[in-house]
Undergrad: 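First the structure, then my questions, so here it is.
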Amino acid sequence: MSDIPPGTFTVHAVDGKARLGTLHTAHGPVQTPIFMPVGTVGSVKAVAPDDLANIGAEIILGNTYHLYLRPGDELVGRRGGLHGFAAWDKPILTDSGGFQAFSLSELRKIRENGVEFRSHLDGSKHLFTPEKVVEIQRNLNSDIMMVLDECVAYGTPYDYTVKSVELTTRWALRSRAAYPECSAGNLLFAITQGGFFADLRSRSVEQLCGHDFDGFAIGGLSVGEPKNEMYDLLAHTAPLLPADKPRYLMGVGTPVDIVTGIANGVDMFDCVLPTRNARNGTLYTSQGKINIKRKEYSEDDGPLDPACSCYTCRTFSRAYLRHLQHSGEVSAFRLNSVHNLTYFLDLVRGAREAIRAGEFAAYAARVAAAYPDDGV
RNA sequence: GCGGAUGUAGCUCAGUUGGCAGAGCACCUGGUUGUGGCCCAGGGGGUCGUGGGUUCAAUCCCCAUCAUUCGCC
C-alpha cells in the first residue's frame, strides 16, 4: 500500500511537548495525534465501514480476547484476516486481552506463564500466554499488536505492583521473542505499567524501552483513580517514553483527557466513551457534553452541534434525536455514534492543525473551557 | 334484566387482621474511560372510582351509586 516500511514513525512538528507525526503501517499511514474508535468484536458498534470512512476514521481497534473466543482467530485468518473479514482496509490495532483479564477479573488467574481465564460467553477455560496472544493477533493480521500485560486496579499495594511490573516486562520480552521481526507487517507495541507509583512507572519504562518495540503504550490509567492522579502520572510517564516511537495512552478518554495527553506528548488514544455514550444519549459538542434525552430538547429544532458538519448534525434536529433516543431506536445508536466519533476525530484533527501552527496551548484551553467538569 | 368480578401513581398491579400508601415499568436528573448493546445512583408523582354510614381513626368494614368486565337469560 505504501513504499514506506511499516513501523516508520516521523515527527513533523513539535509544539511544547505535543507532537505532529505520521505512523506507517501495512495498511497505510496514520496521522498523529489520532483517536482510534473501538470495535471490540470487529465492528465499531452501530456504524458501518462507510460511516467510518465518512467520519474520517484512520484506524480502529479490535480485541484479541473477544475475537479469539468468537468467532475464533483462525476462522478470521481464513477470511483475509480482520481486514478482509470486517471489510475495513485501513489500519487496525488489536488490544491484547490484558485489560479483559483486569475487567473480567473474577473469571481469571494470573500465572507466570500467562492468564488463565474463563470465557464470559460459555464459561470454558482458556490460557493466554504472551506467545499465544501474539499468534492470535497475527492470525487476525493486526497492523499494531499489543503485548499481553497485567493491568492492576487502583489501590493495588506497592509490593504487588512491583511484582506486576516485573511480570509485565517478562511477558513483553517473551512477546517480542515470539515475533522478532520489528517493523514487519504486524507491528508490536509494549505496554508500560506501574500502577499509581511514579517510581514504578519509571521502572517499567526503563525495563521496556531499551528493547526494540514499534511503539510504547501507557496502560493502567483511567481505572477509577481521581483525575489529578491520572494527570500527574501521565505527565510523569509520557516524556520518559522514546521520542522516536509512537506513544499510546490506552483507554483514554474524555476530550479534556485527550488534549491533556497530547500536551504531554502522547500520539494515540482509544476509548469506548464516544460510542458507548452515544448509545446512551450522552453527546459531545463544541459547547460541552449534553444528554440528548433531556426534556429541554423535546422541541429544539436546531442541530445537535452547530459547529459540526457530520451527517447527523447536517440532517436532524435535536428534537428528533431526542425522540429516537427515547424510543430506543437502533438509528439513534448509529446517528449518535456518527456524531460522537466525528467530534473525537475532529478534536484530534484540530489538535494536529494547532500543533502545526504552534497554537496547541490555546487550542487545549478552548477544549477545556467547553468541558469545565472534565478536567482536574 | 339477573348473578359474579374488578376500580389504588401515566401503565400493570401489590397492600393494609382498620393506624403517615408500595413495587415494576414509564417519566425527570446525574454517572459511564484498552465495550458482556448495558448497568448504576438520585428524584417527581396517588381525594386509594364517587357519595353516605360505622369508628378515636376508613383505601380496608357497611349501604348506595357510577364505570369496566365476565357469565346467564
Side-chain angles (χ1 to χ4, degrees), chain A residues 35-47 59-67 69-70 92-107 117-123 133 137 142 144-152 154 168 189-193 215 217-227 230-231 234 248-258 260-261 266 268-284 289-298 322 325-334 336-337 340 344 371 373-374:
Chain A
F35 176 81
M36 306 179 282
V38 178
T40 304
V41 303
S43 164
V44 177
K45 292 184 188 299
V47 298
I59 172 171
I60 63 172
L61 250 73
N63 190 287
T64 299
Y65 167 85
H66 297 269
L67 290 166
L69 287 180
R70 186 170 61 191
I92 295 175
L93 180 151
T94 45
D95 190 18
S96 63
F99 187 77
Q100 279 61 47
F102 163 73
S103 63
L104 305 167
S105 57
E106 64 284 357
L107 298 172
F117 62 90
R118 288 187 173 280
S119 162
H120 68 279
L121 298 173
D122 62 7
V133 165
Q137 293 179 95
S142 169
I144 302 175
M145 311 187 291
M146 301 304 299
V147 300
L148 185 66
D149 64 328
E150 185 188 11
C151 181
V152 299
Y154 181 62
T168 289
F189 279 27
I191 305 173
T192 66
Q193 290 286 348
I218 301 171
L221 291 186
S222 202
V223 290
E225 72 279 12
K227 271 289 183 201
M230 176 187 149
Y231 288 174
L234 170 62
Y248 167 25
L249 178 56
M250 303 187 76
V252 172
T254 67
V256 174
D257 293 344
I258 288 172
T260 303
V266 174
M268 303 165 68
F269 303 85
D270 80 282
C271 192
V272 303
L273 224 42
T275 40
R276 176 185 288 163
N277 278 352
R279 278 176 268 124
N280 299 331
T282 298
L283 304 176
Y284 294 87
K289 197 166 69 172
I290 73 171
N291 183 344
I292 196 61
K293 293 194 295 270
R294 287 176 64 103
K295 193 173 190 63
E296 65 177 291
Y297 304 124
S298 63
R322 176 181 190 271
Q325 188 69 34
H326 269 268
S327 304
E329 283 295 313
V330 199
S331 57
F333 293 164
R334 171 176 173 239
N336 292 348
S337 297
N340 272 358
F344 274 64
Y371 291 89
D373 300 327
D374 258 353

Undergrad: Ignoring backbone atoms, test whether H66(A) places a side-chain nitrogen or oxygen under 4.0 Å from the OP1 or OP2 oxygen of rU35(B).
TA: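 Negative; the distance criterion is not met.
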Undergrad: Can you tell me if the side-chain N/O atoms of R322(A) get under 4.0 Å from OP1 or OP2 in rC28(B)?
TA: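 Yes, R322(A) has a side-chain N/O under 4.0 Å of OP1/OP2 on rC28(B).
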Undergrad: Would a distance-only check, ignoring hydrogens and angles, find a side-chain to backbone donor-acceptor pair under 3.5 Å from R322(A) to K293(A)?
TA: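 At least one qualifying donor-acceptor pair exists.
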Undergrad: Is there a donor-acceptor pair closer than 3.5 Å between any side-chain N or O of Q137(A) and the backbone N or O of M146(A)?
TA: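 Judged by distance alone, yes, a pair lies under 3.5 Å.
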Undergrad: Considering every strand shown, what is the Watson-Crick or G-U wobble mate of rC13(B) when both distances are under 3.5 Å?
TA: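 Check on rC13(B): paired to rG22(B), both distances under 3.5 Å.
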Undergrad: Specify the separation, in whole Å, of atom CD1 of I290(A) and atom C1' of rG31(B).
TA: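 Whole-Å distance recorded here is 16 Å.
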Undergrad: Return the nucleotide paired to rU29(B): Watson-Crick means purine N1 to pyrimidine N3 with N6-O4 or O6-N4, wobble means G-U with N1-O2 and O6-N3, both under 3.5 Å.
TA: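 The base-pairing partner of rU29(B), which may sit in any strand shown, is rA41(B).
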Undergrad: Is there a side-chain polar atom (N or O) of H326(A) under 4.0 Å from OP1 or OP2 of rC27(B)?
TA: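 True: H326(A) side-chain N/O within range (under 4.0 Å) of rC27(B) OP1/OP2.
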Undergrad: Among rC28(B), rG36(B), rG34(B), find the nucleotide with the atom closest to the side chain of H120(A).
TA: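 Shortest atom-to-atom distance from the side chain points to rG36(B).
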Undergrad: Any donor-acceptor pair under 3.5 Å linking the side chain of N280(A) with the backbone of T282(A)?
TA: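 It does not hold such a pair.
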Undergrad: Tell me if the side-chain of T254(A) makes a donor-acceptor pair with the base of rU33(B), cut-off 3.5 Å, by modelled atom types.
TA: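 No, the side chain and the base share no sub-3.5 Å donor-acceptor pair.
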Undergrad: Under 3.5 Å for both donor-acceptor distances, Watson-Crick or wobble: does rU69(B) have a partner, and if so which one?
TA: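 Pair assignment: rU69(B) / rG4(B).
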Undergrad: Distance between the C1' atoms of rG49(B) and rC66(B), in whole angstroms?
TA: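 The answer is 8 Å between these two C1' atoms.
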Undergrad: With a cut-off of less than 4.0 Å, is there a side-chain N or O of T40(A) near OP1 or OP2 of rU35(B)?
TA: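 True: T40(A) side-chain N/O within range (under 4.0 Å) of rU35(B) OP1/OP2.
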Undergrad: Within this structure, what is the CZ-to-P distance between F102(A) and rG36(B), rounded to whole angstrom?
TA: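 For the pair F102(A) CZ and rG36(B) P, the rounded distance is 12 Å.
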Undergrad: Would you mind reading off the distance between F99(A) atom CZ and rU35(B) atom P, rounded to a whole angstrom?
TA: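 Going from CZ in F99(A) over to P in rU35(B) covers 6 Å.
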Undergrad: Which of these nucleotides, rG34(B), rU33(B), rU32(B), is closest to any side-chain atom of N277(A)?
TA: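 Nearest listed nucleotide: rU32(B).
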Undergrad: According to the interplanar angle, ranging from 0 to 90°, do the rings of F344(A) and F35(A) count as parallel (below 30°), tilted (30 to 60°) or perpendicular (above 60°)?
TA: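 Ring orientation, 0 to 90° scale: tilted.
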Undergrad: When the distance from CD of E225(A) to P of rU32(B) is rounded to whole Å, what number comes out?
TA: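 It is 13 Å, rounded to the nearest whole Å.
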Undergrad: How far does the C1' atom of rG19(B) sit from the matching atom of rG31(B), given to the nearest Å?
TA: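 Nearest-Å result for rG19(B) against rG31(B) at atom C1': 41 Å.
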Undergrad: On RNA chain B, compare the nucleotides closest to M146(A) and V330(A); which residue's is nearer the 5' end?
TA: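 Result of the comparison: M146(A).
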Undergrad: Without decimals, in angstroms, what is the distance between N340(A) CG and rU32(B) C1'?
TA: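 Going from N340(A) (CG) to rU32(B) (C1'), I get 13 Å.
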Undergrad: Does rC27(B) have OP1 or OP2 sitting under 4.0 Å from an N or O in the side chain of K293(A)?
TA: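 For rC27(B), OP1/OP2 do not have a side-chain N/O of K293(A) under 4.0 Å.
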Undergrad: When rounded to the nearest Å, what value does the distance between P atoms of rG10(B) and rU6(B) take?
TA: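 Looking at atom P only, rG10(B) and rU6(B) are 22 Å apart.
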Undergrad: Minimum heavy-atom separation for D374(A) and V256(A), please, with both atom names.
TA: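 For D374(A) and V256(A), the tightest heavy-atom pair comes out as CB-CG2, 3.7 Å.
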Undergrad: Measure from CD on E150(A) to C1' on rG34(B) and round the result to the nearest Å.
TA: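 About 15 Å, once rounded to whole Å.
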Undergrad: Atom CD of E296(A) to atom P of rC28(B): distance rounded to whole Å?
TA: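 In whole Å, rC28(B) P lies 12 Å from E296(A) CD.
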Undergrad: Can you confirm if the aromatic rings of Y297(A) and H326(A) lie within a centre distance of less than 6.0 Å?
TA: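 Ring centres of Y297(A) and H326(A) not closer than 6.0 Å.
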Undergrad: Watson-Crick or G-U wobble partner for rG34(B), using a 3.5 Å limit on both distances?
TA: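 In the structure as shown, rG34(B) has no Watson-Crick or wobble partner.
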Undergrad: Determine the Euclidean distance between corresponding P atoms of rU16(B) and rG7(B); express it in Å to zero decimal places.
TA: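 These two P atoms come out 13 Å apart once rounded.
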Undergrad: Given rU32(B), rU33(B), rG36(B), which nucleotide is nearest the side-chain atoms of K289(A)?
TA: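 Side chain of K289(A) sits closest to rU32(B).
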Undergrad: Would you mind reading off the distance between R118(A) atom CZ and rG36(B) atom C1', rounded to a whole angstrom?
TA: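 Between C1' of rG36(B) and CZ of R118(A): 17 Å.
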Undergrad: Would the base of rU32(B) count as contacting T282(A) through its side chain, where contact means a donor and an acceptor less than 3.5 Å apart?
TA: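 Yes.
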Undergrad: Have a look at K45(A) and say if it touches a base, only the backbone sugar-phosphate, or nothing, with a 4.0 Å heavy-atom cut-off.
TA: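 Base: the residue K45(A), judged by heavy atoms under 4.0 Å, touches a nucleobase.
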Undergrad: Would you state whether a donor and an acceptor, one from the side chain of R279(A) and one from the base of rU32(B), lie under 3.5 Å apart?
TA: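 Between rU32(B) and R279(A), which were checked side chain against base, a qualifying N/O pair under 3.5 Å is absent.
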Undergrad: With P as the reference atom in both, quote the distance from rC70(B) to rA57(B) in angstrom, rounded to an integer.
TA: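 My reading of the P atoms in rC70(B) and rA57(B) gives 40 Å.
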Undergrad: Testing L61(A), N277(A), V38(A) one by one against V272(A) for a side chain to side chain contact (heavy atoms under 4.5 Å, CB included), which residue passes?
TA: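 Filter result, single survivor: V38(A).
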Undergrad: Tell me which nucleotide, if any, is Watson-Crick or G-U wobble paired with rA64(B) when both distances must be under 3.5 Å.
TA: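 Pairing partner: rU50(B).
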Undergrad: Using a 4.0 Å heavy-atom cut-off, does D257(A) contact any base of the nucleic acid, only the sugar-phosphate backbone, or nothing at all?
TA: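 The residue D257(A) makes base contact.
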Undergrad: Ring-plane angle category for F189(A) and Y248(A), please: parallel below 30°, perpendicular beyond 60°, tilted otherwise.
TA: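 Taking Y248(A) first and then F189(A), their aromatic rings stand perpendicular (interplane angle over 60°).
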Undergrad: Do Q193(A) and T168(A) have a side chain donor and acceptor closer than 3.5 Å?
TA: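 The criterion, which ignores hydrogens and geometry beyond distance, is not satisfied for T168(A) and Q193(A).
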Undergrad: Keeping S337(A) on the side-chain end and A278(A) on the backbone end, is there a donor-acceptor pair under 3.5 Å?
TA: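 Not a single qualifying donor-acceptor pair exists.
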Undergrad: Which whole number of Å gives the distance between the C1' atom of rG44(B) and that of rU35(B)?
TA: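 It works out to 33 Å between them.
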Undergrad: Rounded to whole angstrom, note down the P distance from rC48(B) over to rG22(B).
TA: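 The answer is 14 Å between these two P atoms.
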Undergrad: Return the polar atom pairs (N/O with N/O) between nucleotides 38-40 of chain B and the protein under 3.5 Å, or none.
TA:
residue : atom : partner : partner atom : Å
rC38(B) : N4   : N280(A) : ND2          : 2.5

Undergrad: With a 4.0 Å cut-off on heavy atoms, is D149(A) in touch with a base, just the backbone sugar-phosphate, or nothing at all?
TA: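 Touches a base.
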